[in-house]
Undergrad: 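Let me begin by handing over the structure; questions about it come next.
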There are 2 protein chains.
Amino acid sequence: MPRHPNKKRAPGRPRHGTLTRELILKRALGLMDREGFEAITMRRLADHLGVTPMALYNHVRSKKDLFGSIAEYLTTQINFDCDEPDWRDRISTCFRRLRDACLAHPSAVHLMESLEAAPPAVFRPMEITLAALDEIGVTGKDAVRIYFLLMNFTMGQLSYEIRGPFESLDPAQALAGSRLKGAEFAYIQRSVSFAEWDFDSAFDFGLSVILNGAEQISARRTKSRAGRRARTT
Amino acid sequence: MPRHPNKKRAPGRPRHGTLTRELILKRALGLMDREGFEAITMRRLADHLGVTPMALYNHVRSKKDLFGSIAEYLTTQINFDCDEPDWRDRISTCFRRLRDACLAHPSAVHLMESLEAAPPAVFRPMEITLAALDEIGVTGKDAVRIYFLLMNFTMGQLSYEIRGPFESLDPAQALAGSRLKGAEFAYIQRSVSFAEWDFDSAFDFGLSVILNGAEQISARRTKSRAGRRARTT
DNA sequence: ACCTGAACACCGTTCAAGT
DNA sequence: ACCTGAACACCGTTCAAGT
């Protein structure tokens, strides 16, 4: 619904600016949250702001720019930092906060996926992860790999969780009407009931598996260093 | 370019069917591979087939249906099965084949992400994973969690790899013109050079970390079973 | 059954014209 | 500087009309 439904504004610059870049971003995010990512249209957003579609182009270069800016607005609001002494806790809470932010805005993942360049703020989790891993002697390629493992898992599960994959993931539903026989999926059907799936604990499980992997690398490195020391002395 | 550029076809049914559902799917996939996911348009696809846009609707319910069918066509062609004796190898090659298929069709990941329901064939990796894990005593919730870890990691890294994230992931480029200072990303800048990043080995690394996690659970379970046995006897 | 042509209700974006 | 209105080049899809 437009803000001025009855009194139509005449052309020309209004006395006080009705539009701001920030207002546009906020309203766009709100519209996205309520009506979904696909619903965001320059025309619909303009309508929502009580304004002509073209008015948006005074504050935003293009739709791509708009989406990029929303993502930046969203990610810069996340506080990734915390002062836990344990390196595992620092990494965990960092990705948990990212996850929480994305769950709070159901279209956030879809939005991120649509971007060609990630907003700069998402480098914070990377920096925090690399710093924490450095503490236990995991550096270089291995550290970056652990980071990607964490990031890809986090975003991947979010993607599943948000679009409610379990209407389509429930084998009973997904297999219905397909050429594949249900008999070929014996283990799936015998597995845990999808109705009682808990994404939160699955996420914590995933984090701990990956961080255990980091710890193993750490142990291996210190051992091989000790081995080298023993040989040289 | 249309197939009949000069001799325009008159309305009415042609003597031999020019269009098939399969032909449409194949050409759409080809067009997607060459010109990208966004380039796929009912009108452009029709043009490519030398046909009116509406002709497609005789073989395809909608654009959504078209995309779903392409995904199904693509995934059913993947051979996930192999007869390696080692459970780790069976899981690894299964996901490696999924990965190879997606890398062969650069828009495949984008296509999958756009679907509301995954094509049934992607349940094969789940079945194979659950079966292999069952062999080492990892079942139920834990097994499904391991599967999701593998699947989310695989698709997540593919997503990064395909859209060539490293123009935007290179901190030097991504941080340029942003409000975030480069000094806040000391560990990133000190980390491995993005130019020499190897996705293939990063993928193998990820798989082995996750499968190590599965092995740890297996060991923990057999130990606790042994403990229970010792206490009861 | 299978194709065309016209039409409908949308898109993002440019451009000239207003104040 | 900031908004409007008309226009352009696109979309997906429906529907009647052809054979």
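Since the model is a prediction, treat every value here as computed from it, not as a measurement. Below, chain A is the first sequence line, B the second, and so on; all start at residue 1.
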Undergrad: Check whether any side-chain N or O of A/H59 sits under 4.0 Å from OP1 or OP2 of D/dC3, and answer yes or no.
TA: yes
Undergrad: Between B/Q157 and A/L149 (side chain of the first, backbone of the second, donor and acceptor by atom type, cut-off under 3.5 Å), is there such a pair?
TA: no
Undergrad: Regarding B/R21 and B/D65, does a basic nitrogen lie under 4.0 Å from an acidic carboxylate oxygen?
TA: yes
Undergrad: How close or far is atom P of C/dT4 from atom CG of B/L49, stated in whole angstroms?
TA: 11 Å
Undergrad: How many Å lie between CE on B/M42 and C1' on D/dC11, as a whole number?
TA: 11 Å
Undergrad: Any base atoms under 4.0 Å from A/R44, or only sugar-phosphate, or nothing? Heavy atoms, all strands.
TA: sugar-phosphate
Undergrad: May I ask you to list the residues of residues 28-38 of chain A, by number, that have any heavy atom positioned under 4.0 Å from an atom of DNA chain C?
TA: none
Undergrad: May I ask you to check whether B/R124 and B/T75 show a side-chain donor-acceptor distance below 3.5 Å?
TA: no
Undergrad: How many angstroms lie between atom CG of A/L98 and atom CG of A/L158, to the nearest 0.5 angstrom?
TA: 7.0 Å
Undergrad: Quickly work out the A/R61 CZ to D/dC2 C1' distance and round it to whole Å.
TA: 17 Å
Undergrad: Over how many whole Å does the gap from A/L45 atom CG to D/dC3 atom C1' extend?
TA: 16 Å
Undergrad: Measure from CG on A/L19 to C1' on D/dC3 and round the result to the nearest Å.
TA: 9 Å
Undergrad: Check side-chain hydrogen bond (donor to acceptor under 3.5 Å, both in side chains) between B/E22 and all other residues, then give those that pass, not counting sequence neighbours.
TA: none
Undergrad: Counting only side-chain heavy atoms from C-beta out, which of D/dG12, D/dC3, C/dC3 sits nearest to A/A55?
TA: D/dC3
Undergrad: How many Å lie between CD1 on A/I40 and C1' on C/dG12, as a whole number?
TA: 14 Å
Undergrad: Is the phosphate of D/dC3, meaning OP1 or OP2, less than 4.0 Å from a side-chain N or O of A/N58?
TA: yes
Undergrad: How does DNA chain D look in dot-bracket form if you count Watson-Crick and G-U pairs under 3.5 Å, write [ ] for pairs that cross, and put | where a base pairs with another strand?
TA: ||.|||||...|||||.||
Undergrad: Distance check needed: D/dA1 P versus A/R21 CZ, whole Å only.
TA: 17 Å
Undergrad: For A/M54, report the nucleic acid contact type (base, sugar-phosphate, nothing); a contact means any heavy atom under 4.0 Å.
TA: base
Undergrad: Find the distance B/K63:NZ to C/dC11:C1' and express it as a whole number of Å.
TA: 12 Å
Undergrad: Any donor-acceptor pair under 3.5 Å linking the side chain of B/E72 with the backbone of B/P119?
TA: no
Undergrad: Do the ring centers of B/F37 and B/F67 come within less than 6.0 Å of each other?
TA: yes
Undergrad: Taking for each residue the nucleotide of DNA chain D bearing the nearest heavy atom, is the 5' side occupied by A/R43 or by A/L56?
TA: A/L56
Undergrad: On the ring face of B/Y187, is B/R190 found with NZ or CZ under 6.0 Å from the centre and within 45° of the axis?
TA: yes
Undergrad: Would you say B/E35's side chain and B/I40's backbone share a donor-acceptor pair under 3.5 angstrom?
TA: no
